[in-house]
Structures are given as structure tokens and as C-alpha cells.
There are 4 protein chains.
Amino acid sequence: MPPTEQQNRPAEHRRGRPRSEAVERSIVEAVVKLLEEGVPLTQVSIERVARTAGVGKATIYRRWKGKEELFIDVLKDIEPVDPELPGTSVRDDLVALLESLRRRGLAKRSSALLYNVFAQMQNYPELWRAYHDTVVEARRRTGMEVVRRGIASGEIRSDLAPDLVNDLIVGPMLLRTVLRPYAELEEGLSARVVDALLEGLAPRGSERQHG
Amino acid sequence: MPPTEQQNRPAEHRRGRPRSEAVERSIVEAVVKLLEEGVPLTQVSIERVARTAGVGKATIYRRWKGKEELFIDVLKDIEPVDPELPGTSVRDDLVALLESLRRRGLAKRSSALLYNVFAQMQNYPELWRAYHDTVVEARRRTGMEVVRRGIASGEIRSDLAPDLVNDLIVGPMLLRTVLRPYAELEEGLSARVVDALLEGLAPRGSERQHG
Amino acid sequence: MPPTEQQNRPAEHRRGRPRSEAVERSIVEAVVKLLEEGVPLTQVSIERVARTAGVGKATIYRRWKGKEELFIDVLKDIEPVDPELPGTSVRDDLVALLESLRRRGLAKRSSALLYNVFAQMQNYPELWRAYHDTVVEARRRTGMEVVRRGIASGEIRSDLAPDLVNDLIVGPMLLRTVLRPYAELEEGLSARVVDALLEGLAPRGSERQHG
Amino acid sequence: MPPTEQQNRPAEHRRGRPRSEAVERSIVEAVVKLLEEGVPLTQVSIERVARTAGVGKATIYRRWKGKEELFIDVLKDIEPVDPELPGTSVRDDLVALLESLRRRGLAKRSSALLYNVFAQMQNYPELWRAYHDTVVEARRRTGMEVVRRGIASGEIRSDLAPDLVNDLIVGPMLLRTVLRPYAELEEGLSARVVDALLEGLAPRGSERQHG
DNA sequence: TAATAATCGAGACGGTACGTCGCGTCTTCTG
DNA sequence: CAGAAGACGCGACGTACCGTCTCGATTATTA
């Protein structure tokens with residue numbers, strides 16, 4: 001379950017008493033529980049997690065190098081899986097994609113951890129890299145796939161770099177999640193974003209004037 | 001300089017030795033210095049700032065309620081002022097706006113603090129509110145102003161909510177700054193984003209097919 | 001009161017808030033209290049002392065380098081002062097000297113610490129040296145003084161090394177204190193020891209037969 | 001070898017793999033090795049002994065209840081056997097007895113353990129009792145035997161309690177071993193002690209003056 | 001010119017958490 | 001079954017910061 005583990009034992013045979021998976025779970029669940037109780041992340045200390053999980057501190061340090069590594073695993077536990085894409089049209093797929101982000105943004109504990117990952121970015125580049133590679137990049141790949149399909153099918157312009165297109169689509173939802181957390185991630189937002197992007201911000205027809 | 005000060009003395013006359021502005025500056029500069037030396041934010045403790053600035057801890061607490069309030073002021077010191085808008089066209093103004101964000105994203109210390117503000121968001125809502133109100137909202141107002149001008153001038157569609165338009169423009173740059181910090185905030189990016197948005201992702205003409 | 005302090009500040013002017021003597025006392029008293037409650041020395045942890053004294057751990061470490069240094073000071077607090085010597089005769093002075101040792105041996109907390117000092121002897125030679133110099137040697141000096149007076153007055157043979165004489169007198173009481181702690185340090189023991197030593201173990205008169 | 005063993009299996013037949021005596025030896029030898037390397041007793045942890053002996057911790061706990069019980073057995077391994085008494089005269093026997101103590105005091109590892117036994121006296125009374133009964137009392141019995149022989153033969157006064165006499169003889173050597181470990185346990189000390197005791201500290205003849 | 005009062009650097013103070021180590025028990029696999 | 005290995009809950013270790021609190025020493029203003 002926690003593939004990010006820093007001190008993973010090799011796959012081959014290991015001697016001595018094996019680590020208990022139950023303990024592993026109870027630790028991660030303790031963190032989740034604390035977050036759901038509204039405990040601020042800063043106050044989610046290893047000490048407290050150990051107490052909550054009914055576990056020795058060493059047991060935690062045996063598995064994770066510190067608070068951050070632990071949180072990564074928790075994050076993976078929490079992050080929603082790859083969204084179901086209807087496949088009816090590229091436009092609908094993009095809407096579905098944004099919808100999953102919107103729902104993620106509405107989940108309090110998810111955001112809480114996301115913010116913390118941001119905060120630790122400079123301190124633990126490897127950590128950020130880990131989060132980026134598994135969570136961010138995964139989602140990005142999905143997006144790129146849809147975009148490329150759109151280009152192939154003619155639904156999306158072929159003269160734009162696919163990753164730029166992807167960023168144009170995902171960026172606004174991230175902004176609302178991150179910069180305006182008290183604001184509305186209102187229903188229907190995803191569709192509005194996609195449609196506006198597809199049609200363009202400038203008016204259609206002969207009356208275009210910029211440039 | 002620090003208008004966020006929580007424990008401001010009344011404007012009227014005060015007795016006793018007045019607070020030294022030099023001390024104030026040296027504290028903020030100490031934080032900046034540490035950040036520039038690459039010290040992770042987590043390790044920028046009040047204790048250490050005091051040591052670096054050659055100042056007593058109480059002197060810091062006399063001015064700011066805690067690490068976070070102090071950081072806000074540092075942030076304001078660091079954040080670039082409102083961007084110069086050329087005013088030649090709305091499109092050029094939007095590009096200028098994004099350019100200022102792009103340059104901000106390239107400044108290491110700026111990002112460092114930004115991430116930390118994110119991290120403290122849930123712990124200190126008031127703090128986030130402060131940052132939001134002064135920094136985020138200020139920038140947002142500028143953007144909205146440009147957007148509204150574009151709608152009025154016909155450069156931007158009038159059937160879209162202005163704040164949605166603003167988010168569509170700013171979002172992608174935020175995404176690159178925040179989620180792909182090792183990636184390219186390459187020259188010319190701002191223009192590409194604005195132009196792609198204005199024209200739309202879907203091909204122009206009769207061949208449009210999404211439902 | 002604690003002249004053994006390892007981290008003594010120089011006598012000259014020191015800056016910052018001065019250390020509280022009250023705190024110092026409360027720490028030492030906490031140790032004594034625990035000992036009197038019968039808490040085994042091994043379980044008298046710094047952590048527990050801090051809790052008992054209502055004091056932060058750092059406050060203890062600021063004054064003493066560790067458990068052992070602290071105990072030295074406690075020991076000095078507990079050890080009885082120099083015994084009152086009647087001065088009527090050297091024999092009576094010796095009895096008084098042993099009496100003070102006997103009473104010390106009967107005091108539980110005193111013995112507890114004494115044993116611990118023994119145990120730490122090899123680990124912390126400096127520590128033992130400190131205890132030796134202040135407690136052991138002080139007592140020894142007193143004894144030697146009496147012995148020398150006895151030699152001068154003719155009460156004690158002049159052909160024996162004074163320190164050997166002193167050891168002959170003190171040794172038996174130490175033995176009973178240390179090796180037979182459950183045994184009797186019965187009343188009148190001191191006099192019996194002194195008298196037996198003065199008169200000798202071999203019978204007086206013509207019947208002596210050893211080589 | 002370890003007759004103190006707390007968890008001895010019944011003498012009758014046991015099933016399964018029998019305990020390895022080699023393992024037993026290697027554990028005790030590991031302790032001795034560590035002591036000879038000058039490792040402070042406090043740092044001779046079960047954990048470390050197991051590591052040094054190349055043995056599982058449980059294997060140690062299967063044989064001894066804890067560090068202290070183990071040390072007792074080590075002590076018995078180290079303590080010199082009953083001294084050879086020449087038997088030529090009681091005086092010579094006493095000298096031989098003290099000599100064995102003197103040599104013990106000169107052996108570093110022996111003293112180290114002795115001190116530790118003292119330290120644990122209050123914590124583990126049973127432990128002390130065990131050490132007392134086997135080591136201390138054994139030596140004491142030997143001494144008492146000699147003393148009684150001396151009384152019978154007229155070499156020692158008959159009006160003194162034998163155990164008092166024994167303590168008078170052994171005490172001084174214990175004192176030098178324990179309280180003045182850096183001091184001289186010089187050659188010839190034993191004889192000097194015995195002779196001084198037999199003859200008495202007060203001058204012989206008509207000039208005696210104490211009351 | 002003094003008295004008064006808030007400032008300053010320094011650092012002690014009661015706390016909480018850190019990450020490590022040893023305790024004695026337990027659980028796994030190998031001989 | 002014994003044995004090595006090592007996980008486990010526990011609790012102490014000594015350190016670092018937290019935010020508050022004295023200290024003596026500096027400045028200002030007010031009397």
C-alpha cells in the first residue's frame with residue numbers, strides 16, 4: 001500500500017518478525033482521523049499520531065523518514081482514483097476530468113494535504129518529486145491523452161502544444177481550489193470552463209478586433 | 001512598512017523609548033537573507049531570525065503575533081508591485097499581467113513564501129484572509145479591470161462572467177508556477193496563453209463538431 | 001548551594017534573566033522527595049524529576065550535565081555536616097566520628113545515593129573525584145586530625161602511619177553500612193569498635209604467641 | 001555455570017532442542033569482553049550483549065530475568081575462589097585472607113561489577129541477597145572460621161564478638177578498595193593491617209591513658 | 001536636569017515535539 | 001522445540017523552538 005516507503009525492505013526474504021500491515025494501516029488511518037477531526041496539519045505531530053494509533057514512535061520511524069513521507073502515503077490514500085471518462089466526446093471527457101478535480105477541491109482533507117505538500121516543496125525536493133510523479137503526473141497524462149484524442153478527432157486545434165492545452169484546461173480549476181478556497185466551486189463550473197475554452201474568449205465572427 | 005502589525009500602538013503620542021525602525025528593517029531583512037541562503041522555511045524559526053538579526057525574541061513578538069504575521073510582511077516586501085500595463089490593447093495588457101506572474105514564479109524566495117502561505121491556510125484562516133485580501137485580491141482586481149475593459153471594447157465576449165474569464169487567464173500560469181516548478185516558465189509563454197484563450201481551443205470555421 | 005555545577009557562569013556580570021535559585025532548590029528537593037518516597041534510584045529519571053518539580057527539562061540540563069551531576073549536589077545536601085567532636089579525649093572523639101557514620105548509614109536516602117556514586121565511579125571518574133574530594137576527603141581530614149592528636153598525646157602508637165590508623169577505624173563501620181545493610185548498626189557499636197582497636201585483638205600480657 | 005538461573009528447566013526430561021551450553025558461555029564471555037574493553041557498566045545493555053555475543057535477545061531472557069541476574073553470574077565467574085590459607089598461624093591466615101581481597105580490588109572488572117551490585121541494592125533486594133549469600137557470606141564464613149580458631153588458640157582475645165573481630169579485619173581493606181580506588185593497595189598492606197590490629201592502636205605498657 | 005517609561009539584547013522559564021535508544025515481549029523463519 | 005532476527009509498545013534520553021517572563025542598560029519624553 002505505501003510504495004513511497006523510504007526504508008523498504010528488498011523483495012527477497014527478510015529475517016525476523018515481519019512488519020505488521022495492520023499497524024501500517026492504523027497509522028495512516030490515525031492521520032486521516034485527525035485531519036477529519038479538523039486538527040491543523042501543523043499540530044499533527046508524529047507523537048500525536050503515535051498516541052492516536054496506539055503505536056510506538058519508533059514503529060512510525062521504521063517505515064517513514066518523517067512527517068512528510070508519511071503524509072505522502074496518506075495523500076495517496078485520499079486522492080481520488082483516475083476519473084471515469086464517459087468517452088462520448090472529448091468535450092465530455094474534459095468536463096469529467098475537471099469534475100473530479102472539483103470534487104477533490106471540495107474535500108477538506110484532500111486540500112489540507114495538498115497545501116502541505118506545497119509548503120514542503122523546497123524543503124524536500126525528493127518528496128515533491130514523489131508526489132509530482134505519482135499524483136500530478138498521473139492526472140496530467142490522463143489529460144494529455146484526452147487532448148491528443150481531441151486533436152486527432154478535430155475537436156481541438158492542431159496548432160497548439162498539447163501540454164499547453166492541458167494547462168489551459170486544468171489551471172482555472174486549480175486556481176479556484178487553491179487561491180479562492182472560500183469561493184464557489186459551484187455546480188456546472190466544469191462545463192462552463194470547458195465550453196468557454198473551446199469557443200474562445202474573443203467573440204466569434206467578423207467583429208473580431210484584437211491583434 | 002508593516003501595516004499588518006497586530007500590536008500597533010495608537011497613533012497618538014506614546015511615552016518611553018520609541019520603537020526603532022532600523023530594528024524593524026533588520027528583522028525583515030534577516031528573513032529575506034535566510035530565504036536567499038536557501039534555508040528551508042520550516043527552519044526559519046523566530047529564534048533563528050532573532051539570532052540572525054541580532055535582536056531579542058521579545059522585540060519580534062512586540063511587533064508580530066507570530067511567524068506567520070511576520071512572513072506576511074516579508075511577502076509584501078517581496079511581491080512585485082502592480083504590473084505596468086501598456087494600455088495599447090486589452091490583449092497586450094493581459095500579456096503584461098501574466099508576464100508579471102511569470103517573473104514572480106521565477107523568483108525563488110517569492111515562491112517559497114507563497115507555498116508556506118498555502119500550508120498555513122487551514123491553521124490560520126485570518127492569515128490567509130490577510131494575504132488573500134492584500135495580495136491575491138489586488139491582483140484579481142487588476143485582472144478584472146482589464147477583462148471588463150475588454151468586454152466593453154468588444155475584444156472579449158460579453159456572455160461570460162468576468163471573474164470566470166479572469167480565472168481562465170490566470171489559472172494556467174498559476175498551474176505552471178505551482179505544480180510544475182521545475183518545468184519551463186519559458187519566454188513567450190504569456191503571449192501564447194492569451195492568444196490561445198482568445199481564439200479558443202476548438203478549430204474555427206464550419207468543421208466544429210462537439211455537442 | 002550547588003558548587004559542583006558544571007556550567008557555572010563566571011562571577012562577573014552576566015546578561016539576560018538570571019537563573020532562579022528557587023527553581024534550583026525545587027529541583028533538588030524533588031529528587032530528595034522521590035528518594036524518600038522510596039522510588040528506586042534507577043527510576044529517578046530527569047523526566048520524572050522535572051515533572052515532580054514542575055520544571056522544564058531544559059532548566060535542569062541548563063544547570064547539570066546529567067543525572068549524575070545532579071545527584072552529587074543532592075548528596076551534598078543530604079550528607080551530614082562535620083560531626084561535633086566532644087574533645088574530652090581522643091578516644092571519645094573517635095567514637096563521635098564513628099557515630100556520625102553510623103547514623104549516616106541508618107539514613108536510607110543517604111545510602112541510596114552513596115551506592116549510586118559507587119556505581120558511577122568508572123563511568124564518570126570526574127564525578128567520583130568530585131564526591132571524593134568534597135565528602136570523602138573532608139571526613140578523612142577530620143579523622144586524620146584526631147589521629148594525629150592522639151599520636152601527639154600518646155593515646156595512639158607513634159609507629160603507625162596515621163592514614164592507616166584512620167582506615168582501621170573507619171573501615172569496619174563502612175563495611176557494616178555497605179556490605180551488611182540489613183544487619184545491625186546497633187547502638188554502642190562505635191564505642192566497641194574504638195575500644196577493641198585501641199586495645200588490640202591479641203590478648204594482653206605474657207600469653208601472646210603469634211610470630 | 002549459571003546456578004543462579006531463574007528460569008531453569010526442571011531436571012527431568014525435556015523435549016525439543018536442548019539449550020546450547022556454548023551459547024551460555026558466549027553470553028557471559030561477551031559481558032566480560034565488554035568490561036575488559038572498558039565499556040562503562042551503564043552501557044552494557046542486554047541489546048549490546050546480544051549483539052556482541054551474536055545471540056538473540058530472547059535467548060538471554062530465556063536464561064536470566066534481566067541485566068542484574070546476568071551480572072551476578074558473571075561476577076561469580078570473575079570472583080576469585082576461596083583463598084588458600086597457609087595454616088601456619090592464625091596471623092598468617094588472616095594476612096592471606098586480606099591478600100585475596102587486595103588482589104580482587106586491583107582487578108578492574110571485579111570492582112566494576114561490585115560497584116554495580118551496590119547500586120542495585122535498593123532496586124533489587126533479592127539480587128543483593130543473592131550476591132550477599134553466595135559471595136559476601138562465603139568470604140565472611142571463612143574469616144569467622146579463622147577468627148574462631150584464633151580465639152581457641154589464644155591468639156585472639158576471647159572477650160570480643162567474633163563477627164566484630166572479622167569486620168575489624170576486613171573493613172579497612174574494603175575501605176581502601178571502595179573509597180580510595182585510585183589510592184594504594186600497596187604490597188605488604190595486608191600484613192601491616194593485621195599486625196596493627198593484633199597489637200592495638202594504643203601504646204603497650206604502663207603509659208596507657210584512655211578511659 | 002532629573003524622573004519616568006517603554007525600548008533594546010539577552011537569556012531563563014514551563015512546555016511540546018523531535019528523532020534515537022534500550023527495555024522486555026512477541027512473532028516470524030531456519031535448523 | 002531452540003535459536004537469530006527483528007518488530008512491537010513503552011518510556012527516557014538530550015536538543016530545539018515555542019511564546020512569556022525577567023534582567024540590566026538605552027533612549028526618548030515630560031516635569
Side-chain angles (χ1 to χ4, degrees), chain A residues 9 13-20 22-24 42-51 53-63 65-67, chain B residues 9 13-20 22-23 42-51 53-63 65-67, chain C residues 9 13-20 22-24 42-51 53-63 65-67, chain D residues 9 14-20 22-23 42-51 53-62 65-67:
Chain A
R9 293 167 293 174
H13 172 59
R14 289 289 75 193
R15 298 199 275 180
R17 176 174 173 180
R19 296 195 187 152
S20 160
V23 163
E24 209 130 297
T42 326
Q43 291 176 31
V44 180
S45 58
I46 294 273
E47 199 109 20
R48 190 165 181 180
V49 171
R51 263 192 318 260
V55 139
K57 279 198 291 176
T59 302
I60 298 182
Y61 283 110
R62 215 172 275 129
R63 291 172 164 75
K65 234 171 64 186
K67 216 193 298 211
Chain B
R9 292 168 294 174
H13 176 60
R14 288 284 80 194
R15 299 204 289 177
R17 178 175 174 177
R19 292 192 190 159
S20 156
V23 164
T42 327
Q43 293 177 31
V44 180
S45 56
I46 293 273
E47 200 105 21
R48 189 163 181 181
V49 171
R51 235 154 28 218
V55 139
K57 283 199 289 176
T59 303
I60 298 182
Y61 282 109
R62 212 172 278 127
R63 291 170 163 75
K65 229 172 70 185
K67 211 194 305 215
Chain C
R9 292 168 294 174
H13 173 59
R14 289 288 78 192
R15 298 199 275 178
R17 177 174 172 179
R19 295 192 187 155
S20 157
V23 163
E24 209 130 296
T42 327
Q43 292 177 33
V44 179
S45 57
I46 294 272
E47 200 109 22
R48 190 164 181 181
V49 171
R51 266 194 313 263
V55 139
K57 280 199 289 176
T59 302
I60 297 182
Y61 283 110
R62 216 171 275 131
R63 291 171 164 73
K65 234 171 67 186
K67 215 194 296 214
Chain D
R9 293 167 296 175
R14 289 285 82 194
R15 300 202 290 176
R17 177 174 171 179
R19 292 193 191 159
S20 158
V23 163
T42 327
Q43 292 177 31
V44 179
S45 56
I46 293 271
E47 202 105 21
R48 189 165 182 181
V49 170
R51 246 171 359 236
V55 138
K57 283 198 292 175
T59 303
I60 297 182
Y61 282 110
R62 211 171 279 127
K65 231 171 70 185
K67 211 195 303 215

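Please read all numbers here as calculations on a predicted model, not as lab measurements. Each chain gets a letter, A, B and so on, in the order its sequence line appears, and its residues count up from 1.
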Query - Integer-rounded Å distance: F:dT15 P and C:Lys65 NZ - result: 11 Å

Query raised in the report: A:Arg19 has an atom CZ; how far is it from atom P of F:dG6, in whole Å?
Result: 11 Å

Requested in this report: Establish, with yes or no, whether the OP1 or OP2 oxygen of F:dG6 is under 4.0 angstrom from a side-chain nitrogen or oxygen of A:Arg15.
Outcome: no

Query raised in the report: To the nearest 0.5 Å, how far apart are CD in A:Glu47 and NZ in A:Lys67?
Result: 11.0 Å

Query raised in the report: Within less than 4.0 Å of OP1 or OP2 of E:dC13, is there a side-chain N or O belonging to C:Arg62?
Result: yes

Query raised in the report: What nucleotide, of F:dC18, E:dC21, F:dC23, holds the atom closest to the side chain of B:Lys67?
Result: F:dC18

Report summary line: Shortest non-hydrogen pair, C:Gly56 vs C:Ala50, comes out as C-CB, 4.4 Å

Query raised in the report: For the pair made of CD1 in D:Ile46 and C1' in F:dA4, what is the distance, rounded to whole Å?
Result: 16 Å

Requested in this report: Looking only at non-hydrogen atoms, find the nearest pair between B:Arg48 and B:Gln43 and report the distance.
Outcome: CD-O, 3.5 Å

Query raised in the report: Just to confirm, is there a sub-4.0 Å distance from OP1 or OP2 of E:dC8 to any side-chain nitrogen or oxygen of B:Ser20?
Result: no

Requested in this report: Would you mind telling me which residue lines up with the more 5' stretch of DNA chain E, D:Arg51 or A:Arg51, judged by nearest nucleotide?
Outcome: A:Arg51

Requested in this report: Could you pick out which residue, A:Glu47 or B:Val23, lies toward the 5' side of DNA chain E when each is mapped onto its nearest nucleotide?
Outcome: B:Val23

Query raised in the report: Under 4.0 Å between a side-chain N/O of C:Thr59 and OP1 or OP2 of E:dG14, yes or no?
Result: yes

Requested in this report: Hey, which sits more toward the 5' end of DNA chain F by its nearest nucleotide, B:Lys57 or D:Ala53?
Outcome: D:Ala53

Report summary line: To the nearest 0.5 Å, atom CD of C:Glu24 lies from atom CD1 of C:Ile60 at 11.0 Å

Report task. Quickly work out the B:Ile60 CD1 to E:dG11 C1' distance and round it to whole Å. Result -> 14 Å

Query raised in the report: How is D:Ala50 classified with respect to the nucleic acid when contacts are heavy atoms under 4.0 Å: base, sugar-phosphate, or nothing?
Result: nothing

Query - Spacing between C:Arg48 atom CZ and F:dA12 atom C1', to the nearest angstrom - result: 12 Å

Requested in this report: Please determine, for the side chain of A:Tyr61, which listed nucleotide (E:dC13, E:dG14, E:dC18) has the closest atom?
Outcome: E:dC18

**Report entry** Between NZ on residue D:Lys57 and OG on residue D:Ser45, distance to nearest 0.5 Å
**Finding:** 9.0 Å

Query raised in the report: Taking only N and O in the side chain of C:Arg17, is any of them less than 4.0 Å away from OP1 or OP2 of E:dA12?
Result: no

Requested in this report: Name the residue closer to the 5' end of DNA chain F, choosing between A:Gly54 and B:Ser45 according to the nucleotide with the nearest heavy atom.
Outcome: A:Gly54

